[in-house]
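As the structure is a computational prediction, the values presented were derived from the model and not from experiment. Both backbone and side-chain heavy atoms feed into the values below; hydrogens, waters and symmetry mates do not.
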Amino acid sequence: MTTLKELAALLNISVSTVSKALNDSHEISENTRIRVKELATKLNYKPNRIAQQLKTNKSKTIGVILPTVTNPFFAEVLHGIEKTATQSGYDIIVCLSNETFLKEERSLELLSNGSVDGFIIAVARESQVEAKTEHIKAAIKSKKPVLMFDRVIHDIECNKVIVDDFQSVYEATEYLIIKDKRKHILLVSNIEELSVGKLRIEGYTKALEDHKLETYVLNFDHAVDMDIETKIYNYLKANPSIDAILSIDHITGIVAINMAKKLGREIPKDLSVIGFGYEHTQVLSSPKISIIHQKAHNIGEMSTKLLIENINNEELNVRTIVVPSELQLSESVQ
C-alpha cells in the first residue's frame with residue numbers, strides 16, 4: 001500500500017506538502033495539488049483512517065439511530081444521510097432501536113466509545129412516550145454532538161431538523177374545508193402519542209375550530225389494535241356522514257381508501273382523502289392518494305450537514321431547522 005512518505009519521495013516534496021495537497025489546502029499551489037492527486041490516483045493511494053483518527057481525534061463516522069427502516073419515511077431520510085455523509089468524507093453506522101428505550105440506550109452507549117464523532121437520532125416511541133431522556137442527555141454531556149430529526153424532545157438542547165407538522169396539517173385541513181367543501185373530516189392516526197402526532201392533531205383541531213366544525217378523531221392503540229383495516233371499516237360504516245379523511249401517518253390513508261371503496265364509497269366524489277407520505281406513496285393506491293410530502297431526503301441532507309458543521313465547530317449555536325413540507329394533490333381529492 002502506497003504511503004504519504006512514498007508519494008513525497010516520488011514527487012520530491014515534503015510529506016506535509018503531500019498531506020495538505022490531498023486535503024485541498026489553500027497553502028499549496030493548484031499545480032502541486034494536481035500533481036499530488038494524479039500520482040495518488042495512479043498508485044491507488046488510500047488514506048490511513050486509523051492514523052488520521054489518532055492524529056485528529058476524529059473517526060469521520062456518524063452514528064445514526066432510527067426507530068425502524070420499514071417505515072418508508074425513515075428509509076428515505078437514511079438515504080439522504082448516507083449520500084450527504086459520503087460526499088463530505090464521512091461513513092455512517094446505523095442502529096435500529098425497534099421503537100424501544102433499551103435498544104436506543106444500548107446503541108448510544110455502544111457508539112459513544114469513540115466509534116463515531118456524533119449522532120443523528122429519531123427518538124424511539126417508548127423513549128418519547130415514557131419521557132426517558134437521560135441516555136440522550138448523557139451523550140450530549142460527553143461532548144458528542146447530537147442532532148434530532150422528526151421525533152424530537154423539545155426540552156433537550158441540541159440541533160434539530162423538523163417539519164412544521166402543525167402548519168402542514170392545518171393547511172391540508174383547510175384545503176378539504178374550503179376547496180373540497182367538506183364538513184365532516186375524520187382524522188386517522190397511529191402516532192397520536194408521539195411529538196409529531198400531537199402537533200398534527202393540533203393543526204387539524206385548530207383548522208376545524210377556526211371554521212366552527214366538529215372534530216372526528218380515530219386513534220389506534222399499538223398494544224391493542226392489530227387490525228387497522230377492520231377498525232377503519234367499522235368506523236366508516238357506523239358514520240356515513242364522514243366526507244373526508246386526513247391520515248397523519250404514512251399508511252392509514254391508503255387503508256382508508258381501500259375500506260371506503262369496500263363500503264361502496266366513491267373517491268373523491270363521496271369521500272376525499274389526504275395522507276402523509278412521499279412521492280412513491282401515490283402509486284400505492286387507486287385512486288392515487290393526495291399527500292403531505294415531508295421531503296424526507298431533504299431532512300436527511302440537512303441533518304447531516306448541520307451535524308458535521310457541529311462536529312467541526314463545537315461552539316456552534318444550537319439551531320432548529322424547519323424543512324417545509326408540500327401538499328401534493330392527486331386523484332383522492334376533488
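- The same ILVMFWY cluster, assembled from side-chain heavy atoms under 4.5 Å apart, contains both Ile81 and Val323.
- If you chain together hydrophobic residues whose side chains sit under 4.5 Å apart, Ile120 and Leu66 fall into the same group.
- Annotation: cation-pi pair Lys262/Tyr233 present, NZ/CZ under 6.0 Å from the ring centroid and within 45° of its normal.
- Side chains of Ser115 and Asn113: a donor on one and an acceptor on the other come within 3.5 Å.
- Grouping the Ile, Leu, Val, Met, Phe, Trp and Tyr side chains by contacts below 4.5 angstrom, directly or via other members, places Phe220 with Ile248.
- Ile311 and Val161 fall within the same hydrophobic cluster, where Ile, Leu, Val, Met, Phe, Trp and Tyr residues are linked whenever their side-chain heavy atoms come under 4.5 Å apart, directly or through other members.
- His297 and His79 have tilted rings, their planes meeting at an angle from 30° to 60° on a 0 to 90° scale.
- Looking only at distances, a side-chain donor or acceptor of Ser290 sits under 3.5 Å from a matching main-chain atom of Ser330.
- Each of Arg125, Arg151, Lys198 was checked for a salt bridge (charged side-chain N to carboxylate O under 4.0 Å, His left out) with Glu193, and the lone residue meeting it is Arg125.
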Please test Asp210 against Lys206 for salt bridge (charged side-chain N to carboxylate O under 4.0 Å, His left out), starting from the C-alpha separation and ending with a verdict. CA-CA 6 Å; Asp210 288 350; Lys206 184 65 167 61; 2.8 Å; yes
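- A distance of 6.0 Å or more separates the ring centres of Phe276 and His293.
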Pair Arg319, Glu309 - check salt bridge (charged side-chain N to carboxylate O under 4.0 Å, His left out), show working. CA-CA 11 Å; Arg319 286 186 284 166; Glu309 190 178 347; 3.0 Å; yes
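- For the pair Lys5 and Val18, the minimum side-chain heavy-atom distance is 4.5 Å or more.
- No option in Glu105, Lys103, Lys132, Glu104 other than Glu104 meets the side-chain hydrogen bond (donor to acceptor under 3.5 Å, both in side chains) test with Ser127.
- Hydrophobic clustering of Ile, Leu, Val, Met, Phe, Trp and Tyr side chains at less than 4.5 Å, counting indirect connections, keeps Phe149 apart from Ile162.
- Residues Thr84 and Thr304 bring no donor and acceptor atom of their side chains to less than 3.5 Å of each other.
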